Every structure is written in structure tokens, then in C-alpha cells.
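One is the number of the first residue; the rest follow in order along the sequence. Predicted model only: the values in this text are computed from it and were never measured.
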Amino acid sequence: MPLVDESSSRWICFTLLGMELWSQGVALIWTLFLFYRISTVRGFEMKTIYCTISDSCDCDFKPNMQGLEWDLYKNLYGQHLAQDIVSESVASFLQQKSPDRPLVLSFHGASGTGKTMVSTMLGRHLYGTAMGSPYIHQYVPTLHFPLDDRVKQYRSDLKRWVQGNLTACARSIFIFDEMEKMPPGVIDVLEPFLGPSHVVFQTNYRKAIYVFISTAGQEVINRVALESLQAGRDREEIQPEELEEAIAEAVYNNKNSGFYHSKIISEKRIAHFVPFLPLCRRHVERCAQRELCQRGECQHRGVAAAVGGAVTYTPQDGQHFSNTGCKLVPAKVNLFL
């Protein structure tokens, strides 16, 4: 006689099947619960993972080209070349859904002519914040690469930093300030990242923007500006073609430049060498007036004129261009206000 009759056997089978289905359901619910917890508690990490595998994720990228163009033309004085090149190249780059290479710009000119200001404008109008976004990365040689005898280590560090940031966000912006103080050879580690052939694992690295800032090449720019002035030409008549190639050559052959004999230049990875012209007295006075208005003191127009008169100019026989651009304007305003 069987230990379990047929009806009992069926009941046991149904019970075991139910327990199996119940256990699978619990596992499913538990999996969904864990996914929910990860996505809510560690939302930033999940978003980062998504950004590495999706071309549609732009990491809080909020481009405002109209705002950028307005800011450039309203607050950048005496720099028609920089205004045009930056606004046009950024607009053209952003119109490409899948660009074939990153946008690489190199800003050149004397101190106080607006190079750092423009890089700040880019951050403000592409990410909605000046430099506070986690996707805007600024490197200063005296801070990050201070020693000439550690080029190999710096190359390794820089490659790791850039690749890690690109993996987190393809729309990263990299700003390299004071390139004239960068040990030669360090920046060349980025050359593969700036062309059309390099691949960063699971990342469309070609959406990135690189900005280099340097005073190297200022002699070329200042000479062209002075010759133009002496020839009776308006500075607004100076064209980019008159300067870009000469700047590239001067920077490439400058032993005190981070671009000395750099493959980034020889392989033509830089889209534009952006010239920042030396500033005249009228530009300095406009900088002073803007500083006053930012302090709520717009009515003190005499202070702006006094600041313009207190700045030193070059060359000595003509005194056409400010030696320090607008860099000392805030201190001079404090003196006269």
C-alpha cells in the first residue's frame, strides 16, 4: 500500500511548486528593491555608469550659446578675434551630434587681456556655473606639475585623470592654465585624446572641450597689433590668418613653453590658436567702469579715467598698450574710489 495516496501526492507537488514560485518571486522583489535603493541612494554613481555607455547622456550639460555670445560681446573688451573665433567654433562644435574629434582651443596673449575670463564664460554658459561643475577640470602647472624632473610621473597622472573624467562624463571640459609654466613633454600624453582615432573605453571622448591658456606667443601678437596701429589700420581689421600660424610656430619653438616641440602642435590637434590683442587705454577704462558698476558705483566715471591714467603703457615712445591689460584694475579702483 502506497505511503501517500494520489490526491495527497498532487497536493504535495502543488505545494512544492508554489514554494518554488514564491521563492523566485521573493528573489525578484528583492532584486528590484536593491536596484531601487542603488538608484536612489547612489544616484550619482548610477548616472555615471549610464553616462559611460550612452551617447545621449550629457552630464548636466546646459549649453546657452546666446548667453555666451552676449557675454563675450558685452564684457570682453578689445578682442574681436577672440569673440568671433570662440563663439563660432563652440557653436559649430555643439551642432554636431557626434563630432569626429574634440574641440581644442589655445588662448594666447599678454596678462590681463581676458583669456581666463573667456574660459570662465565657457563654464558658465555650457554648464550653468563658472567653475563649480564637477565636469569642468582646471589644471595649473605650478600646483599640479611643479617639478621639471617628474615629467614621466606627471604624464601618467594626467592621462589617468583625463581618462577617468572622460569615463565619468564625455562632455567634460579641461582647462590648462599657464601653459608657459608647464614642463615640456607633459602635455603630449594627451595627443591621442585630441585626434580622431583614439578610443576611451565605453566613452564618446570626442564630445570633450580642451582649452589651453598661455602668455607664450604674446610677442607675435603685440608686434602685429603695433604694426597695424602704426600703419593706420583699425585693430578690428586684423584677421585671424595674420596671427594663428605665427603663434603656433612661436609657441612650438619656445623652450619655456609647455608646447615646446609638442606633437599636439605638429600633428595639428589644436583647432584654433586664439589671439588676445594688447589693450589700449580706452579698454582699461571700460574695465574700470565695469568694476565700478559691479560694486554699485557706476556714477564715479572720473575714477575710470583716473585708473586709465595710472596704468603703465608700452612702447615708451608711443605708450599704446597697457603692460598689464586689465589685471590691476580692481586694485586701482580701490585706490581712487
Open item on the list: Given 3.5 Å as the limit, does a donor-acceptor pair link the side chain of Asn254 with the main chain of Ala250, or not?
Closed with: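 The answer is no, because no donor-acceptor pair under 3.5 Å joins these two groups.
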Task: Main-chain N/O of Leu147 paired to Tyr154 side chain as donor or acceptor, under 3.5 Å - done: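 Looks like yes, one N/O pair under 3.5 Å.
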Are more than 12 heavy atoms, taken from residues, nucleotides or ligands other than [X], located less than 6.0 Å from that residue's [atom1] atom?
X      : atom1 : value
Gln66  : CD    : no
Trp70  : CH2   : no
Arg150 : CZ    : no
Glu227 : CD    : yes

Task: Closest heavy-atom pair and its distance - Ala168, Cys59 - done: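 For Ala168 and Cys59, the tightest heavy-atom pair comes out as O-SG, 4.0 Å.
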Distance-only check: which donor-acceptor pairs under 3.5 Å involve side-chain atoms of residues 297-311, not counting sequence neighbours?
unit_1	atom_1	unit_2	atom_2	d
Glu297	OE1	Gln299	NE2	3.3
Glu297	OE1	His300	NE2	3.1

- [ ] Please lay out, stage by stage, how Asp71 and Arg124 fare under the test salt bridge (Lys or Arg N to Asp or Glu O under 4.0 Å).
- [x] CA-CA 10 Å; Asp71 209 356; Arg124 181 183 306 123; 2.7 Å; yes
- [ ] Could you tell me which residues satisfy ring-ring contact (aromatic ring centres under 6.0 Å, His included) with Tyr313, sequence neighbours excluded, listed by chain and number?
- [x]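 ring-ring contact (aromatic ring centres under 6.0 Å, His included) list for Tyr313, sorted by chain: empty.
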Open item on the list: Under 4.0 Å between a side-chain nitrogen and a carboxylate oxygen: does that hold for Arg233 and Glu242?
Closed with: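 Glu242 and Arg233: salt-bridged.
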Open item on the list: If the threshold is 4.0 Å, N to carboxylate O, is there a salt bridge linking Glu219 and Arg223?
Closed with: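 Answer for the salt bridge query: no.
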Open item on the list: Does Glu178 form a salt bridge (Lys or Arg N to Asp or Glu O under 4.0 Å) with Lys181? I'd like the steps, not just the answer.
Closed with: CA-CA 6 Å; Glu178 299 181 337; Lys181 299 178 182 178; 3.7 Å; yes
- [ ] Determine whether the aromatic ring centres of Tyr260 and Tyr252 lie less than 6.0 Å apart.
- [x]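 Centroid separation for Tyr260 and Tyr252: 6.0 Å or greater.
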Open item on the list: Ring centroids only, cut at 6.0 angstrom: are Phe193 and Tyr210 within range, meaning strictly under it?
Closed with: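 No.
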